[in-house]
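Okay, so here's the structure we're looking at.
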Protein chains: 2
Amino acid sequence: MTSALQPSPEHARLIRKFESVSRLGPSDIATLARLPLRTRSVEAGAEVVAQGATPTECCFVIEGWMCRYVMTREGGRQIVSFHIPGDLPDRDSLHLPHLDHSISAISSARVAFIPHAAVSAVLAHHPNIAVAFWRDAVVDAGVFRQWLTSLGRRDAKQRVAHLICEMFTRLEGLGLADSDHFHFPVTQTQLGDALGLSAVHINRTLQDLKASGAMSWKSSVVTIHDFDALRQVGDFDPAYLELRPMGLTH
Amino acid sequence: MTSALQPSPEHARLIRKFESVSRLGPSDIATLARLPLRTRSVEAGAEVVAQGATPTECCFVIEGWMCRYVMTREGGRQIVSFHIPGDLPDRDSLHLPHLDHSISAISSARVAFIPHAAVSAVLAHHPNIAVAFWRDAVVDAGVFRQWLTSLGRRDAKQRVAHLICEMFTRLEGLGLADSDHFHFPVTQTQLGDALGLSAVHINRTLQDLKASGAMSWKSSVVTIHDFDALRQVGDFDPAYLELRPMGLTH
DNA sequence: CGTCGTGTTGAGGCTATTCAAAGTATGTGG
DNA sequence: CCACATACTTTGAATAGCCTCAACACGACG
């Protein structure tokens with residue numbers, strides 16, 4: 001079948017993502033390549049799924065960066081995750097009646113929507129894909145734990161360094177980073193909302209990190225000069241990202 | 001079959017937990033009642049599963065409280081979750097080669113271990129249980145998001161109030177809380193490790209909360225005098241705990 | 001009866017915050 | 001191509017929230 005041999009670029013992104021967390025067989029890949037995708041372009045800052053909504057589709061990132069966030073009663077905003085191409089920011093909506101958070105585009109982005117029914121059908125009949133789905137969710141949980149650790153027990157410099165290391169490593173795992181730099185379309189205000197800090201303090205902390213020589217950041221491009229130093233500063237251990245796919249069950 | 005009609009108290013706890021997140025049919029319940037459990041008592045503070053371990057069983061809480069935590073390089077400890085009877089603190093170990101966190105008993109506790117193979121077999125053949133398993137994981141993720149929001153964007157008083165509300169609501173959902181009070185065997189130091197605060201500051205914050213009249217805390221028992229006030233202070237909305245079980249698929 | 005874990009209180013200091021303002025890109029319309 | 005608007009970054013000063021250190025109180029327990 002032609003579609004199995006030549007998946008669309010969108011499907012290829014999805015397949016690549018699943019292959020980064022779990023091993024898939026040819027029939028799994030062919031199945032993923034046939035998933036119905038409705039693609040859409042969204043501009044920077046646009047809300048794609050609102051808190052409280054009850055989606056009937058899963059959203060998946062093709063291009064650009066997205067984030068999930070929770071608003072507090074007082075208007076504070078906490079970004080709880082960043083999402084890069086291949087990610088399924090609302091994978092949980094499949095098992096949750098209404099979302100407890102919103103999903104927005106950070107940069108201008110292209111996203112695809114897959115009907116819940118299609119996802120459920122694939123999961124029910126393809127155990128390897130179901131395992132990949134599980135592993136993706138479990139890695140996400142590990143990311144949450146690390147973010148919690150950062151917000152609870154790491155200071156500003158460590159938090160920023162840890163996040164830079166995490167995003168660089170995740171992008172690398174999907175083939176989306178160059179050897180020493182990557183596109184980071186996040187404003188300092190958004191960075192503050194993710195790391196539980198004010199934009200002002202993010203700014204000073206970044207200058208501090210730049211002065212140390214481990215990294216630089218100019219017009220949305222982060223360049224890593226000394227990853228090991230950054231790793232050290234941020235207390236970063238990539239183990240939780242589980243970049244080695246586990247074996248097939250079938 | 002007798003075991004299906006009269007599940008052991010341990011199995012009853014597990015069944016009750018799954019029923020609190022998802023609807024189960026009689027055959028699902030009978031299946032859960034037959035799961036092989038190896039029970040064990042652990043004393044307060046004991047580590048049950050160590051960071052980096054590769055468990056071959058899932059651990060489940062029968063009695064007492066447990067927690068998961070991550071240590072930073074500098075020796076800081078971040079508690080990332082509390083677990084009460086019915087919870088499966090290392091449910092993720094089923095899909096994760098090695099744990100990125102440790103699991104300890106907070107109070108003296110009784111836990112049971114279920115071999116991964118037994119869990120996998122049940123999930124593969126009982127779609128309703130698989131859905132319950134998913135929903136449990138998804139609710140956990142919601143709890144993580146709320147904790148992140150607390151650590152990132154709520155002050156000390158709000159964090160404590162939010163946690164008290166959350167634990168009270170979770171215990172109630174499992175029938176483990178009385179109308180206005182519950183057993184809370186967590187020290188102020190542990191509370192600090194969970195909320196990203198020092199024990200000293202937790203102490204002052206608690207006094208502040210007690211003075212407001214919304215709650216009191218004496219010898220491991222928290223009494224809620226005005227839940228609504230506490231909910232207000234902590235910006236707590238129970239929606240993320242998803243206490244209404246969703247329907248059957250079969 | 002002393003010890004250990006936990007809770008309580010005080011003083012001083014540091015981190016990160018808020019508010020305010022100015023500087024710098026980037027994009028837009030004339 | 002310039003003038004302007006908008007968004008983002010940078011800087012300074014004053015302050016609040018939380019931390020650390022240190023000491024003491026209290027109850028449980030051997």
Side-chain angles (χ1 to χ4, degrees), chain A residues 43-46 65 67 72 74-79 104-108 150-163 183-211 215-222 233, chain B residues 43-46 65 67 72 74-79 104-108 150-163 183-211 215-222 233:
Chain A
E43 53 199 18
W65 284 46
C67 72
T72 64
E74 288 160 348
R77 170 179 157 124
Q78 178 63 45
I79 292 178
S104 281
I106 292 221
S107 61
S108 66
S150 277
L151 295 205
R153 287 289 177 240
R154 293 199 255 257
D155 67 20
K157 200 169 168 182
Q158 294 175 311
R159 291 184 210 184
V160 173
H162 195 280
L163 182 66
H183 185 59
F184 189 65
V186 176
T187 67
Q188 296 185 359
T189 302
Q190 290 166 336
L191 206 49
D193 285 344
L195 298 179
L197 298 164
S198 68
V200 171
H201 199 59
I202 289 284
N203 184 279
R204 297 190 227 263
T205 305
L206 279 171
Q207 290 177 44
D208 196 357
L209 271 177
K210 287 189 246 177
M215 58 161 287
S216 56
W217 179 5
K218 194 134 181 59
S219 54
S220 295
V221 173
V222 168
V233 170
Chain B
E43 54 199 17
W65 284 46
C67 72
T72 65
E74 288 159 349
R77 170 179 155 121
Q78 178 63 44
I79 293 179
S104 280
I106 292 224
S107 61
S108 68
S150 276
L151 295 205
R153 287 290 177 239
R154 294 199 254 256
D155 66 21
K157 200 169 169 182
Q158 295 176 309
R159 289 184 212 184
V160 173
H162 195 279
L163 183 66
H183 185 59
F184 189 65
V186 176
T187 67
Q188 296 185 359
T189 302
Q190 291 166 335
L191 206 49
D193 286 343
L195 298 179
L197 298 164
S198 70
V200 171
H201 200 61
I202 288 283
N203 184 282
R204 297 192 225 268
T205 305
L206 279 171
Q207 290 177 43
D208 196 358
L209 271 177
K210 286 190 245 176
M215 58 160 289
S216 57
W217 179 5
K218 195 139 181 58
S219 53
S220 296
V221 173
V222 168
V233 170

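Here is the naming used below: chain letters follow the sequence lines, and residue numbers restart at 1 for every chain.
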How far apart are the closest heavy atoms of [X] and [Y], and which atoms are they?
X	Y	answer
B:Gly196	B:Arg159	O-NH1, 3.7 Å
B:Trp217	B:Val186	CZ2-O, 3.1 Å
B:Ile106	B:Pro185	CG2-O, 3.2 Å

What's the separation between atom [atom1] in [X] and atom [atom2] in [Y], rounded to the nearest 0.5 Å?
X	Y	atom1	atom2	value
A:Ser219	A:His183	OG	NE2	9.5 Å
B:Leu191	B:Ser198	CG	OG	11.0 Å
A:Leu151	A:Gln78	CG	CD	5.5 Å
A:Arg204	A:Leu206	CZ	CG	12.0 Å
B:Ile202	B:Gln190	CD1	CD	11.5 Å
B:Thr72	A:Arg153	OG1	CZ	8.5 Å

Whole angstrom value for the distance that separates P of D:dT9 from CD of A:Gln190 =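 So the CD-P distance, A:Gln190 to D:dT9, works out to 9 Å.
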Test side-chain contact (heavy atoms from CB on, under 4.5 Å) applied to A:Val233 - qualifying residues, sequence neighbours left out = A:Lys157, A:Ala161, A:Leu209
Between which nucleotides of DNA chain C, 5' to 3', does chain B make heavy-atom contacts below 4.0 Å?
->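 So the outermost contacting nucleotides come out as C:dT6 to C:dA11.
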Mapping B:Thr187 and A:Lys218 onto DNA chain C by nearest heavy atom, which one lands closer to the 5' end?
-> B:Thr187
Report yes or no: does A:Thr189 contribute a side-chain atom to a donor-acceptor pair with the main-chain N or O of A:Ala199 at less than 3.5 Å?
->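 The answer is no, because no donor-acceptor pair under 3.5 Å joins these two groups.
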Polar atoms only, N or O, under 3.5 Å: list the protein pairs with nucleotides 25-28 of chain D and their distances.
none

How large an angle, rounded to 10°, do the end axes of the helix from C:dC1-D:dG30 to C:dG30-D:dC1 enclose when each is built from five base pairs?
-> 40°
Would you please name every residue forming a salt bridge (Lys or Arg N to Asp or Glu O under 4.0 Å) with A:Lys210, sequence neighbours left out?
->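 If we apply the salt bridge (Lys or Arg N to Asp or Glu O under 4.0 Å) test to A:Lys210, skipping adjacent residues, there are no hits.
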Only one of A:Leu195, A:Asp155, A:Asp208 forms a side-chain contact (heavy atoms from CB on, under 4.5 Å) with A:Val160, so which one is it?
-> A:Leu195
Heavy atom of residues 194-210 of chain B under 4.0 Å from DNA chain D: which residues?
->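 Nucleic-acid contacts, sorted: B:Gly196, B:Leu197, B:Ser198, B:Val200, B:His201, B:Arg204.
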